[in-house]
There are 2 protein chains.
Amino acid sequence: MAENIPPELASDLRHYLTRLYLALRRHSPINELSATQSSALATLLDHGPMRMGELAERECVRMPTATSLVDVLTRDGLAERRPDPDDRRAVVISLTDQGRALIADIRDRRDATVTAALEQLTAAQVAALAEAAPALRDLQARLENNDR
Amino acid sequence: MAENIPPELASDLRHYLTRLYLALRRHSPINELSATQSSALATLLDHGPMRMGELAERECVRMPTATSLVDVLTRDGLAERRPDPDDRRAVVISLTDQGRALIADIRDRRDATVTAALEQLTAAQVAALAEAAPALRDLQARLENNDR
DNA sequence: TATTGTTATACTCTATAACTATA
DNA sequence: TATAGTTATAGAGTATAACAATA
(Lines give C-alpha, C1' and ligand atoms only; values in the text may rest on other atoms or scores of the structure.)
Protein backbone atom coordinates (compact mmCIF):
# COMPACT_ATOMS: atom_id res chain seq x y z
CA MET A 1 0.00 0.00 0.00
CA ALA A 2 1.11 3.53 -0.69
CA GLU A 3 2.81 5.50 2.02
CA ASN A 4 4.05 8.83 0.79
CA ILE A 5 0.97 10.54 -0.53
CA PRO A 6 1.87 13.88 -2.14
CA PRO A 7 0.50 16.52 0.23
CA GLU A 8 -1.77 18.33 -2.24
CA LEU A 9 -2.98 15.27 -4.13
CA ALA A 10 -6.11 14.52 -2.15
CA SER A 11 -7.23 18.13 -2.24
CA ASP A 12 -6.45 18.52 -5.96
CA LEU A 13 -8.22 15.32 -6.91
CA ARG A 14 -11.26 16.19 -4.87
CA HIS A 15 -11.44 19.60 -6.46
CA TYR A 16 -10.95 18.45 -10.05
CA LEU A 17 -13.29 15.51 -9.69
CA THR A 18 -16.05 17.68 -8.29
CA ARG A 19 -15.66 20.21 -11.07
CA LEU A 20 -15.48 17.50 -13.71
CA TYR A 21 -18.67 15.96 -12.49
CA LEU A 22 -20.45 19.31 -12.52
CA ALA A 23 -19.15 19.99 -16.03
CA LEU A 24 -20.32 16.57 -17.21
CA ARG A 25 -23.63 17.07 -15.55
CA ARG A 26 -24.18 20.34 -17.30
CA HIS A 27 -23.97 18.36 -20.54
CA SER A 28 -26.91 16.28 -19.47
CA PRO A 29 -29.56 16.43 -22.14
CA ILE A 30 -31.84 19.30 -21.33
CA ASN A 31 -35.55 18.78 -21.81
CA GLU A 32 -35.13 15.04 -21.80
CA LEU A 33 -34.19 13.49 -18.50
CA SER A 34 -32.91 14.66 -15.16
CA ALA A 35 -29.66 13.24 -13.79
CA THR A 36 -31.69 11.16 -11.34
CA GLN A 37 -33.83 9.68 -14.07
CA SER A 38 -30.97 8.87 -16.43
CA SER A 39 -29.02 7.28 -13.60
CA ALA A 40 -31.93 4.97 -12.83
CA LEU A 41 -32.35 4.05 -16.49
CA ALA A 42 -28.63 3.33 -16.77
CA THR A 43 -28.80 1.08 -13.71
CA LEU A 44 -31.71 -0.82 -15.23
CA LEU A 45 -29.86 -1.11 -18.54
CA ASP A 46 -26.69 -2.40 -16.91
CA HIS A 47 -28.22 -4.77 -14.37
CA GLY A 48 -31.49 -5.82 -15.96
CA PRO A 49 -34.97 -5.83 -14.43
CA MET A 50 -34.97 -5.59 -10.65
CA ARG A 51 -37.28 -5.10 -7.71
CA MET A 52 -38.10 -1.73 -6.24
CA GLY A 53 -35.93 -2.34 -3.19
CA GLU A 54 -32.91 -3.29 -5.26
CA LEU A 55 -33.30 -0.22 -7.45
CA ALA A 56 -33.52 1.99 -4.35
CA GLU A 57 -30.37 0.42 -2.94
CA ARG A 58 -28.38 0.71 -6.17
CA GLU A 59 -29.41 4.33 -6.57
CA CYS A 60 -28.66 5.04 -2.90
CA VAL A 61 -32.14 6.37 -2.22
CA ARG A 62 -35.00 5.30 0.05
CA MET A 63 -37.93 3.28 -1.12
CA PRO A 64 -40.46 6.12 -1.32
CA THR A 65 -38.01 8.03 -3.49
CA ALA A 66 -37.66 5.04 -5.80
CA THR A 67 -41.42 4.69 -5.94
CA SER A 68 -41.95 8.25 -7.12
CA LEU A 69 -39.01 8.02 -9.54
CA VAL A 70 -40.50 4.91 -11.12
CA ASP A 71 -43.87 6.68 -11.23
CA VAL A 72 -42.34 9.33 -13.46
CA LEU A 73 -40.46 6.84 -15.66
CA THR A 74 -43.61 4.80 -16.08
CA ARG A 75 -45.71 7.86 -16.87
CA ASP A 76 -43.22 8.76 -19.60
CA GLY A 77 -43.20 5.27 -21.10
CA LEU A 78 -39.55 4.55 -20.25
CA ALA A 79 -40.04 1.79 -17.66
CA GLU A 80 -42.76 -0.50 -16.43
CA ARG A 81 -43.79 -2.29 -13.26
CA ARG A 82 -44.74 -5.97 -13.32
CA PRO A 83 -45.77 -8.22 -10.47
CA ASP A 84 -43.00 -10.47 -9.18
CA PRO A 85 -44.17 -14.04 -9.88
CA ASP A 86 -42.33 -15.33 -6.80
CA ASP A 87 -43.53 -12.77 -4.23
CA ARG A 88 -46.87 -11.08 -4.51
CA ARG A 89 -45.78 -8.17 -2.34
CA ALA A 90 -43.07 -7.22 -4.81
CA VAL A 91 -42.86 -5.53 -8.20
CA VAL A 92 -40.19 -5.88 -10.88
CA ILE A 93 -39.12 -2.76 -12.77
CA SER A 94 -37.92 -3.14 -16.34
CA LEU A 95 -37.06 -0.81 -19.21
CA THR A 96 -39.39 -0.42 -22.14
CA ASP A 97 -37.88 -0.47 -25.63
CA GLN A 98 -38.24 3.29 -25.65
CA GLY A 99 -36.40 3.59 -22.33
CA ARG A 100 -33.60 1.36 -23.54
CA ALA A 101 -33.18 3.32 -26.77
CA LEU A 102 -33.20 6.67 -24.97
CA ILE A 103 -30.58 5.83 -22.36
CA ALA A 104 -28.30 4.22 -24.97
CA ASP A 105 -28.55 7.35 -27.11
CA ILE A 106 -27.85 9.64 -24.16
CA ARG A 107 -24.77 7.60 -23.28
CA ASP A 108 -23.45 7.80 -26.80
CA ARG A 109 -23.84 11.55 -26.88
CA ARG A 110 -22.19 12.02 -23.48
CA ASP A 111 -19.26 9.87 -24.54
CA ALA A 112 -18.93 11.96 -27.69
CA THR A 113 -18.72 15.10 -25.55
CA VAL A 114 -15.91 13.65 -23.45
CA THR A 115 -14.09 12.38 -26.55
CA ALA A 116 -14.26 15.86 -28.07
CA ALA A 117 -12.69 17.32 -24.92
CA LEU A 118 -10.02 14.62 -24.85
CA GLU A 119 -9.07 15.45 -28.42
CA GLN A 120 -8.13 18.94 -27.27
CA LEU A 121 -5.56 17.62 -24.79
CA THR A 122 -2.00 16.65 -25.65
CA ALA A 123 -1.20 13.04 -26.46
CA ALA A 124 0.80 12.84 -23.22
CA GLN A 125 -2.16 14.01 -21.19
CA VAL A 126 -4.44 11.46 -22.80
CA ALA A 127 -1.88 8.77 -22.06
CA ALA A 128 -1.71 9.91 -18.43
CA LEU A 129 -5.48 9.68 -18.14
CA ALA A 130 -5.56 6.22 -19.71
CA GLU A 131 -2.85 5.17 -17.27
CA ALA A 132 -4.77 6.57 -14.31
CA ALA A 133 -8.19 5.17 -15.22
CA PRO A 134 -7.78 1.90 -13.28
CA ALA A 135 -6.55 3.86 -10.25
CA LEU A 136 -9.66 6.06 -10.44
CA ARG A 137 -11.79 2.94 -10.44
CA ASP A 138 -9.98 1.55 -7.40
CA LEU A 139 -10.06 4.87 -5.60
CA GLN A 140 -13.81 4.93 -6.03
CA ALA A 141 -14.07 1.36 -4.70
CA ARG A 142 -12.02 2.29 -1.61
CA LEU A 143 -14.16 5.32 -0.92
CA GLU A 144 -17.30 3.23 -1.23
CA ASN A 145 -15.96 0.55 1.06
CA ASN A 146 -14.57 2.86 3.69
CA ASP A 147 -18.05 4.27 3.70
CA ARG A 148 -20.14 1.36 4.77
CA MET B 1 -3.67 17.86 -29.91
CA ALA B 2 -4.35 14.21 -29.34
CA GLU B 3 -5.60 12.09 -32.19
CA ASN B 4 -5.85 8.46 -31.27
CA ILE B 5 -8.16 8.39 -28.29
CA PRO B 6 -8.44 4.87 -26.87
CA PRO B 7 -11.95 3.72 -27.73
CA GLU B 8 -13.18 3.00 -24.20
CA LEU B 9 -11.44 5.89 -22.46
CA ALA B 10 -14.24 8.45 -22.65
CA SER B 11 -16.80 5.98 -21.42
CA ASP B 12 -14.57 4.66 -18.62
CA LEU B 13 -13.64 8.11 -17.41
CA ARG B 14 -17.21 9.29 -17.43
CA HIS B 15 -18.28 6.26 -15.46
CA TYR B 16 -15.51 6.41 -12.85
CA LEU B 17 -15.80 10.16 -12.43
CA THR B 18 -19.52 9.95 -11.85
CA ARG B 19 -19.14 7.20 -9.30
CA LEU B 20 -16.25 8.98 -7.61
CA TYR B 21 -18.29 12.11 -7.24
CA LEU B 22 -21.19 10.21 -5.76
CA ALA B 23 -18.84 8.42 -3.35
CA LEU B 24 -17.28 11.74 -2.31
CA ARG B 25 -20.66 13.29 -1.92
CA ARG B 26 -21.82 10.54 0.37
CA HIS B 27 -18.99 11.62 2.67
CA SER B 28 -20.47 15.06 2.94
CA PRO B 29 -20.95 15.91 6.58
CA ILE B 30 -24.36 14.80 7.64
CA ASN B 31 -26.34 17.09 9.92
CA GLU B 32 -24.10 19.98 9.08
CA LEU B 33 -24.36 21.39 5.59
CA SER B 34 -25.85 20.36 2.28
CA ALA B 35 -23.62 20.16 -0.79
CA THR B 36 -25.14 23.39 -2.03
CA GLN B 37 -24.41 25.21 1.18
CA SER B 38 -20.83 24.01 1.50
CA SER B 39 -20.16 24.89 -2.13
CA ALA B 40 -21.32 28.45 -1.53
CA LEU B 41 -19.22 28.75 1.62
CA ALA B 42 -16.20 27.43 -0.24
CA THR B 43 -16.72 29.98 -3.01
CA LEU B 44 -16.91 32.77 -0.44
CA LEU B 45 -13.79 31.46 1.27
CA ASP B 46 -11.82 31.23 -1.97
CA HIS B 47 -12.95 34.48 -3.59
CA GLY B 48 -13.79 36.73 -0.66
CA PRO B 49 -16.94 38.80 -0.07
CA MET B 50 -19.03 39.31 -3.18
CA ARG B 51 -22.38 40.62 -4.32
CA MET B 52 -25.45 38.46 -4.61
CA GLY B 53 -25.28 38.44 -8.40
CA GLU B 54 -21.65 37.32 -8.44
CA LEU B 55 -22.35 34.52 -5.98
CA ALA B 56 -25.28 33.36 -8.12
CA GLU B 57 -23.08 33.36 -11.21
CA ARG B 58 -20.20 31.51 -9.56
CA GLU B 59 -22.58 28.90 -8.16
CA CYS B 60 -24.35 28.61 -11.53
CA VAL B 61 -27.76 29.38 -10.03
CA ARG B 62 -30.32 32.14 -10.54
CA MET B 63 -30.63 35.09 -8.25
CA PRO B 64 -33.69 33.94 -6.30
CA THR B 65 -31.88 30.68 -5.58
CA ALA B 66 -28.89 32.61 -4.26
CA THR B 67 -31.17 34.77 -2.15
CA SER B 68 -32.75 31.82 -0.40
CA LEU B 69 -29.39 30.07 -0.02
CA VAL B 70 -27.96 33.15 1.67
CA ASP B 71 -31.10 33.37 3.82
CA VAL B 72 -30.28 29.94 5.21
CA LEU B 73 -26.57 30.66 5.66
CA THR B 74 -27.42 33.90 7.43
CA ARG B 75 -30.01 32.25 9.63
CA ASP B 76 -27.38 29.71 10.69
CA GLY B 77 -24.78 32.36 11.43
CA LEU B 78 -22.38 31.29 8.67
CA ALA B 79 -22.62 34.33 6.40
CA GLU B 80 -23.91 37.88 6.53
CA ARG B 81 -25.33 40.51 4.20
CA ARG B 82 -24.03 44.06 4.24
CA PRO B 83 -25.06 47.00 2.13
CA ASP B 84 -22.72 47.79 -0.76
CA PRO B 85 -21.32 51.27 -0.02
CA ASP B 86 -21.07 52.02 -3.76
CA ASP B 87 -24.55 50.94 -4.87
CA ARG B 88 -27.50 51.12 -2.59
CA ARG B 89 -29.40 48.50 -4.56
CA ALA B 90 -26.76 45.87 -3.86
CA VAL B 91 -25.67 43.71 -0.95
CA VAL B 92 -22.29 42.15 -0.21
CA ILE B 93 -22.18 38.63 1.20
CA SER B 94 -19.32 37.67 3.50
CA LEU B 95 -18.45 34.74 5.72
CA THR B 96 -18.69 35.05 9.48
CA ASP B 97 -15.83 33.66 11.55
CA GLN B 98 -18.04 30.68 12.29
CA GLY B 99 -18.69 30.08 8.57
CA ARG B 100 -15.00 30.33 7.78
CA ALA B 101 -14.06 27.87 10.52
CA LEU B 102 -16.77 25.41 9.49
CA ILE B 103 -15.93 25.26 5.80
CA ALA B 104 -12.20 24.96 6.54
CA ASP B 105 -12.90 22.09 8.91
CA ILE B 106 -15.16 20.33 6.39
CA ARG B 107 -12.47 20.62 3.75
CA ASP B 108 -9.87 19.15 6.03
CA ARG B 109 -12.06 16.18 6.86
CA ARG B 110 -12.96 15.54 3.23
CA ASP B 111 -9.31 15.64 2.25
CA ALA B 112 -8.54 13.19 5.05
CA THR B 113 -11.13 10.79 3.64
CA VAL B 114 -9.54 10.89 0.20
CA THR B 115 -6.06 10.52 1.67
CA ALA B 116 -7.18 7.43 3.58
CA ALA B 117 -8.48 5.89 0.35
CA LEU B 118 -5.29 6.81 -1.51
CA GLU B 119 -3.24 5.05 1.14
CA GLN B 120 -4.97 1.81 0.24
CA LEU B 121 -3.81 1.99 -3.39
CA THR B 122 -0.44 0.83 -4.64
CA ALA B 123 2.39 3.33 -4.94
CA ALA B 124 2.20 2.98 -8.73
CA GLN B 125 -1.46 3.84 -8.73
CA VAL B 126 -0.90 6.92 -6.59
CA ALA B 127 1.88 7.97 -8.96
CA ALA B 128 -0.45 7.51 -11.93
CA LEU B 129 -3.08 9.70 -10.26
CA ALA B 130 -0.54 12.39 -9.44
CA GLU B 131 0.61 12.26 -13.06
CA ALA B 132 -2.96 12.55 -14.35
CA ALA B 133 -4.11 15.35 -12.04
CA PRO B 134 -3.14 18.20 -14.41
CA ALA B 135 -4.86 16.37 -17.27
CA LEU B 136 -8.02 16.10 -15.17
CA ARG B 137 -7.89 19.83 -14.58
CA ASP B 138 -7.48 20.54 -18.30
CA LEU B 139 -10.18 18.07 -19.25
CA GLN B 140 -12.55 19.90 -16.96
CA ALA B 141 -11.57 23.23 -18.51
CA ARG B 142 -12.24 21.87 -22.02
CA LEU B 143 -15.62 20.55 -21.03
CA GLU B 144 -16.53 23.89 -19.48
CA ASN B 145 -15.39 25.81 -22.54
CA ASN B 146 -17.03 23.56 -25.09
CA ASP B 147 -20.13 24.21 -23.07
CA ARG B 148 -20.56 27.90 -23.42
C1' DT C 1 -44.03 -10.63 13.15
C1' DA C 2 -41.19 -9.13 9.36
C1' DT C 3 -40.84 -7.45 4.70
C1' DT C 4 -42.27 -5.00 0.27
C1' DG C 5 -44.07 -1.32 -1.47
C1' DT C 6 -47.20 2.93 -1.35
C1' DT C 7 -49.24 7.08 0.59
C1' DA C 8 -48.99 11.27 3.41
C1' DT C 9 -46.32 14.96 4.57
C1' DA C 10 -42.42 18.07 4.82
C1' DC C 11 -37.97 20.25 3.62
C1' DT C 12 -34.30 21.63 0.26
C1' DC C 13 -33.00 23.16 -4.19
C1' DT C 14 -34.17 24.93 -8.25
C1' DA C 15 -36.74 27.83 -11.63
C1' DT C 16 -39.78 31.83 -13.81
C1' DA C 17 -42.55 35.88 -13.14
C1' DA C 18 -43.75 39.91 -10.76
C1' DC C 19 -42.36 43.38 -7.62
C1' DT C 20 -39.39 47.21 -5.02
C1' DA C 21 -35.72 50.25 -4.70
C1' DT C 22 -32.06 52.43 -6.82
C1' DA C 23 -29.08 53.79 -10.86
C1' DT D 1 -35.46 52.53 -18.69
C1' DA D 2 -32.26 49.21 -16.80
C1' DT D 3 -30.28 46.73 -12.92
C1' DA D 4 -29.85 44.39 -8.06
C1' DG D 5 -32.23 41.99 -5.20
C1' DT D 6 -36.56 39.98 -3.00
C1' DT D 7 -41.07 37.81 -2.86
C1' DA D 8 -44.53 34.61 -4.70
C1' DT D 9 -45.25 30.41 -6.58
C1' DA D 10 -44.32 25.87 -8.54
C1' DG D 11 -41.99 21.45 -9.52
C1' DA D 12 -38.35 17.85 -8.76
C1' DG D 13 -35.93 15.18 -5.48
C1' DT D 14 -35.24 13.70 -1.12
C1' DA D 15 -36.55 12.07 3.64
C1' DT D 16 -39.36 9.92 7.76
C1' DA D 17 -43.59 7.98 9.48
C1' DA D 18 -47.70 5.47 8.91
C1' DC D 19 -50.21 2.22 6.25
C1' DA D 20 -51.62 -2.05 3.25
C1' DA D 21 -50.74 -6.48 1.48
C1' DT D 22 -48.19 -10.52 1.69
C1' DA D 23 -44.63 -13.77 3.56
Side-chain angles (χ1 to χ4, degrees), chain A residues 18 21-22 25-44 49-76 78-94 106, chain B residues 18 21-44 49-76 78-94 106:
Chain A
T18 301
Y21 176 80
L22 292 175
R25 203 184 162 107
R26 215 170 306 128
H27 283 283
S28 294
I30 313 293
N31 294 329
E32 284 184 76
L33 288 178
S34 71
T36 304
Q37 290 166 13
S38 61
S39 173
L41 289 183
T43 294
L44 288 166
M50 66 187 70
R51 301 189 356 171
M52 191 65 79
E54 183 181 350
L55 181 61
E57 186 171 317
R58 286 190 186 276
E59 292 298 300
C60 300
V61 298
R62 301 291 179 175
M63 284 265 270
T65 302
T67 292
S68 66
L69 173 56
V70 170
D71 285 346
V72 173
L73 296 177
T74 301
R75 183 197 67 197
D76 294 347
L78 302 172
E80 55 192 6
R81 280 181 175 87
R82 297 178 175 237
D84 184 330
D86 301 330
D87 184 340
R88 287 198 296 167
R89 294 171 304 180
V91 294
V92 175
I93 322 298
S94 56
I106 286 172
Chain B
T18 301
Y21 177 80
L22 291 174
L24 285 173
R25 201 185 164 108
R26 213 169 308 128
H27 282 282
S28 293
I30 312 292
N31 294 329
E32 283 185 76
L33 287 178
S34 70
T36 305
Q37 289 166 14
S38 61
S39 174
L41 290 183
T43 294
L44 288 167
M50 65 187 71
R51 304 195 347 178
M52 191 65 79
E54 183 181 351
L55 180 61
E57 186 171 320
R58 285 190 187 275
E59 292 299 300
C60 299
V61 298
R62 301 290 178 174
M63 285 265 271
T65 302
T67 293
S68 66
L69 173 57
V70 169
D71 285 347
V72 173
L73 295 177
T74 302
R75 181 197 67 197
D76 294 346
L78 303 172
E80 55 193 5
R81 281 181 175 87
R82 297 179 176 237
D84 184 330
D86 301 330
D87 183 342
R88 287 198 297 167
R89 295 170 304 178
V91 295
V92 174
I93 323 297
S94 56
I106 285 173

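Here is how names work: the chains are called A, B, and so on, in the same order as the sequence lines, proteins then strands, and each is numbered from 1.
The stretch residues 79-88 of chain B touches DNA chain C through D87(B), R88(B), each having a heavy atom within less than 4.0 Å of the strand.
Here T67(B) reaches the OP1 or OP2 of dT6(D): one of its side-chain N or O atoms lies under 4.0 Å away. Contact annotation: T65(B) side-chain N/O to dC13(C) OP1/OP2 distance is not under 4.0 Å. Taking only side-chain nitrogens and oxygens, R51(B) comes nearer than 4.0 Å to OP1 or OP2 of dA4(D). Here S34(B) reaches the OP1 or OP2 of dC13(C): one of its side-chain N or O atoms lies under 4.0 Å away. Side-chain N/O atoms of Q37(B) include none lying less than 4.0 angstrom from OP1 or OP2 on dT12(C). Applying the 4.0 Å criterion to OP1 and OP2 of dT20(C), one finds that R89(B) has every side-chain N and O outside that range.
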* Begin from the C-alpha positions of T43(B) and M50(B) and carry the test side-chain contact (heavy atoms from CB on, under 4.5 Å) through to its verdict. => CA-CA 10 Å; T43(B) 294; M50(B) 65 187 71; 3.9 Å; yes

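Atom CD of E54(B) and atom C1' of dG5(D) are 15 Å apart (whole Å). Remark: P of dG5(D) and CE of M63(B) are 4 Å apart, rounded to the nearest angstrom.
For the pair R81(B) and D71(B), the minimum side-chain heavy-atom distance is below 4.5 Å.
Taking the nucleotide of DNA chain C with the nearest heavy atom to each of V72(B) and P64(B), the more 5' of the two is matched to V72(B).
Here dT14(D) is the nucleotide among dG5(D), dT14(D), dT16(D) with the atom lying nearest to any side-chain atom of V61(A).
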